[in-house]
Amino acid sequence: MPEEIIESLNVRYINILNENGDVDESLMPSLSQSEIKKIYELLILSRTFDRYALNLQREGRIGTYASILGQEASQIGSAFAIEKSDWVFPSFREMGVYITLGYPVYMLFQYWSGDERGMQTPEGLNIFPLCVPVGTQVPHAVGAAMAAKYKGDKIAVICYFGDGGTSKGDFHEGFNMAGVFKLPVVFICQNNQWAISVPRSRQTASKTLAQKAFAYGFEGIQVDGNDVFAVYKVVREALDKAKDGGGPTFIECVTYRMGDHTTADDASRYRSKDEVEAWRSKDPIARLKLFMEKNMLWTDEYQKEIEGKAKDMNDEAVKMAESVEKQHFEEMFKYTYERLTFRQIKEMKDF
Amino acid sequence: MPQNSKKLNMVQAINLALKEEMQRDKDVVILGEDVGRDGGVFRVTEGLLELFGEQRVIDTPLAESGIVGVAIGMAAYGLKPIAEIQFMGFIYSAIDQIFSHASRIRNRTRGRFTCPLVIRIPYGAGIKAPDLHSESTEALFCHMPGVKVVVPSSPYNAKGLLISSIRDPDPVIFLESTRLYRLIKEEVPEGEYTIPLGRARIVQEGRDVTIIAWGSMLHRAIQAVEGFDAEVIDLMTLVPFDEEAIFKSVKKTGRVVIIHEAPKTCGFGAEISATISEDAMLYLKAPIIRVAGYDVVMPLPKLEDYYMPTEGRIRKAMEEVMKY
Ligand SMILES: Cc1ncc(C[n+]2csc(CCOP(=O)(O)OP(=O)(O)O)c2C)c(N)n1
């Protein structure tokens, strides 16, 4: 018998908007002018939030915080494609996703200040709380997709994680089940090149993260994660495919974590200034601004106006977060089970 | 005997123990997330990559089950791996490896293969850290025959206990209180000294009441006992624990207060209390009281102080047993 190739896999890479603000018209997703402006405003709002959070942490007003600087296109571009009825399972670095989906900004500040009430997702939003143990949310998204399929709901489930997350067993177990049961789930990896001090090259010996999906029987696509149009397009198509019964898709957004891992980290210990500088010119917001300028969608006044709005919103949110009533000790017990146990009732007498 | 000593905090003392053991024994290797280039998220392994190279200080992919599983294979083959898990809340995916394999390799092979590894894990609350960064679930490991559980309370005993753990022929879970990491400095000798596993330390002698604690709660206990004639025991090793030292003290005082940070239900205090009632019941003058964390999900920073056993609660417990 001859030796033959029985499977070969092609990983697509997609970029639409380049660093000069020019787009490949043939790939451009259909977005109205007002939608493009809305996306730009969400990018600015999210970056402003990030700056506020970093400052508040420095002033000791919130705890450890994980910055999204540099990853805004991956987050806002993907979340902009999500519908209200879809379910979202984020990791811990998705503030841009929360903001795009309309999560109250003050609650995000509240959460990062160490108050669990900030993660009580408002009714009508199907977004899970931040997931701190890396990668563990992947099977949850798969399970939710399984439930949606069972119930016949025409929705999709979106799961976010980082490049580090792809090394966890849960990632592989979740992917495998998603493939086996052909579930309506879209996996989005923000490959920001680093998992704390460990570079992407040390997470896996494979050339791309996207190709991992093929081993589980579905497509993986790599996309320029600093290109909001490409991210939006690919995620939108994957969500449509999921809702039409086409099964899962894995999207690897190639992006960069411009800041430290968290405020407890010092990235200068393990990566070079040059590397960071090289990514600065790929900034996701700068290139959308250039595009808008070329297409008469951007002016100085507009920039001032939306920056002002973003600041006002964040000021307001910080004020609200800092003026919420202090938590009562009961809050610590109340949500362990639906009802307090006898022992808990006894323990509460200590207060 | 060691000659020089320096004032070190716990991070530095553990770092020194790792360094000296790696110098002494080529088979000792370190693996974990960010342990090399970054020196660990708490900097406990700082400088070791430079000294010992990438073969012995291994930055792994992000995979706790993999880290522990690989360490088990290394240990069975003949190395002495020291795995670092970044926080106790992230050990859970590796529990399968610890419970199903590390703990029973010796038994399953009737001693043909063994598993001499150390898993170092920062634990506990008190540093206002995010979700799952403040856990103290040591009792889970204490329940699993085949693993030892060690919890140092000071830089000096951290070094001596870690050296013993590395040289121990069986798997050891070595828990490091994040709150203590930089809280206290103490004279720590350079060079070899060991503190045997399974032996408690009498921190202060007393006649009226025995206080049993470990890790960061020991320090809270010491503050709380002022004004009482209390005997304070630092357990240091939870499995196997020093029953003898406890009985001896109970015979003297007849009263016991056990303090731990972990939730009360099925916490290690329950084991100590049950052991005393089985074997030293007739020496007791008062019921044994546990002062523990509450039976709740470990809260985020804003509620953390409500969760932790306070000096006030410890004193109240002592007053209570003194009524008898
Ligand atoms: C299971 C688990 N192990 C370790 C950690 C500590 N930790 C937090 S984030 C992180 C790196 C995550 O990298 P990646 O998945 O690429 O996401 P990124 O931080 O780059 O967004 C590590 C090791 C954790 N939160 N969970």
Side-chain angles (χ1 to χ4, degrees), chain A residues 62-66 92 110-119 129-136 162-171 195-199 202-204 261-262 264-267 269-271 326-336 341 343-344 346-348 350-351, chain B residues 32-43 46 49 54 58-67 69 86-87 89-94 96-97 127-134 263-265 291-307 309-310 312-313 316-317:
Chain A
I62 63 170
T64 306
Y65 170 72
F92 51 85
Q110 191 181 4
Y111 173 78
W112 287 106
S113 77
D115 180 338
E116 10 309 75
R117 288 174 301 181
M119 278 296 115
L130 276 78
C131 180
V132 167
V134 168
T136 50
D163 39 302
T166 65
S167 298
K168 286 284 288 182
D170 283 335
F171 163 91
I196 310 187
S197 73
V198 181
R202 189 113 192 179
Q203 291 299 342
T204 174
H261 167 69
T262 65
D265 174 52
D266 172 9
R269 290 171 64 88
Y270 51 78
R271 67 183 190 185
K326 212 175 147 222
Q327 284 184 99
H328 195 259
F329 72 82
E330 264 178 43
E331 291 268 337
M332 183 168 77
F333 291 90
K334 201 155 100 175
Y335 297 99
T336 323
T341 63
R343 176 160 280 185
Q344 286 180 314
K346 224 158 78 185
E347 289 178 338
M348 279 166 64
D350 279 354
F351 292 90
Chain B
E33 294 156 16
D34 304 288
V35 294
R37 207 141 137 208
D38 203 27
V41 285
F42 285 102
R43 309 287 178 252
E46 174 131 50
L49 174 69
E54 281 199 8
I58 306 163
D59 269 327
T60 65
L62 203 169
E64 284 74 12
S65 176
I67 292 167
Q86 281 182 351
F87 286 90
F90 307 143
I91 187 71
Y92 304 136
S93 74
D96 189 12
Q97 288 295 342
I127 55 164
K128 306 274 179 208
D131 200 10
L132 277 155
H133 286 66
S134 302
K264 186 174 194 172
T265 300
V291 181
Y294 295 111
D295 287 289
V296 299
V297 174
M298 180 66 215
L300 294 181
K302 287 256 157 108
L303 289 170
E304 186 180 82
D305 293 340
Y306 285 134
Y307 175 85
T310 57
R313 281 175 63 202
K316 216 172 126 214

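Letters A, B, ... are given to chains in the order of the sequence lines, protein chains preceding strands, and every chain is numbered from 1. As the structure is a computational prediction, the values presented were derived from the model and not from experiment.
The contact between B/L132 and chain A is made entirely by side chain atoms (from C-beta outward), counting heavy-atom distances below 4.5 Å. Within the 4.5 angstrom heavy-atom criterion, only side-chain atoms of A/Q344, from C-beta onward, approach chain B. Interface remark: A/F351 contributes side-chain atoms only to the contact with chain B (heavy atom separation under 4.5 Å). If you measure heavy-atom distances from A/K334 to chain B, you find no contacts under 4.5 Å at all. Both the backbone and the side chain of A/V132 have a heavy atom closer than 4.5 Å to some heavy atom of chain B. Residue B/E304 does not touch chain A at all, counting heavy-atom pairs closer than 4.5 Å. There is no contact between A/D170 and chain B, counting heavy-atom distances below 4.5 Å. Both the backbone and the side chain of A/S113 have a heavy atom closer than 4.5 Å to some heavy atom of chain B. Neither the backbone nor the side chain of B/F87 comes within less than 4.5 Å of any heavy atom in chain A. Both the backbone and the side chain of A/R202 have a heavy atom closer than 4.5 Å to some heavy atom of chain B. Neither the backbone nor the side chain of B/T310 has a heavy atom closer than 4.5 Å to any heavy atom of chain A. Contacts between B/P299 and chain A at a heavy-atom distance below 4.5 Å involve backbone atoms as well as side-chain atoms.
Annotation: the span from A/Y270 atom OH to B/D59 atom CG amounts to 11.5 Å, rounded to 0.5 Å. Here CG of B/L303 is found 10.0 Å from CZ of A/F333. Values are rounded to the nearest 0.5 Å. A distance of 9.5 Å separates NZ of A/K346 from OG1 of A/T341, quoted to the nearest 0.5 Å. Separation of atoms OH (A/Y111) and CZ (A/F92) is listed at 10.5 Å; rounding is to 0.5 Å. Atom CZ of A/R117 is separated from atom NZ of B/K302 by 8.5 Å, given to the nearest 0.5 angstrom. Summarising the geometry, atom OG belonging to A/S167 is positioned 6.5 Å from atom CG belonging to B/L62; distances are rounded to the nearest 0.5 Å.
Residues A/D266 and A/R271 are not paired through a salt bridge, judged by the lack of any N-O separation under 4.0 Å between the basic side chain and the carboxylate. The pair A/R269-B/D38 meets the salt-bridge criterion, with a side-chain N (NZ, NE, NH1 or NH2) lying under 4.0 Å from an Asp/Glu carboxylate O. Under 4.0 Å is where a charged nitrogen must lie from a carboxylate oxygen, and between A/K168 and B/E64 at least one such pair does.
Your options are A/K326, A/Q203, A/E331, and the one with the most heavy-atom pairs under 4.5 Å with chain B is A/Q203. The most heavy-atom pairs under 4.5 Å with chain A, out of B/M298, B/R43, B/H133, come from B/R43. Comparing B/V296, B/T265, B/V41, B/D131 by heavy-atom pairs within less than 4.5 Å of chain A, the highest count is held by B/V296.
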Derivation of the salt bridge (charged side-chain N to carboxylate O under 4.0 Å, His left out) call for B/K128 and B/D305: CA-CA 9 Å; B/K128 306 274 179 208; B/D305 293 340; 3.4 Å; yes
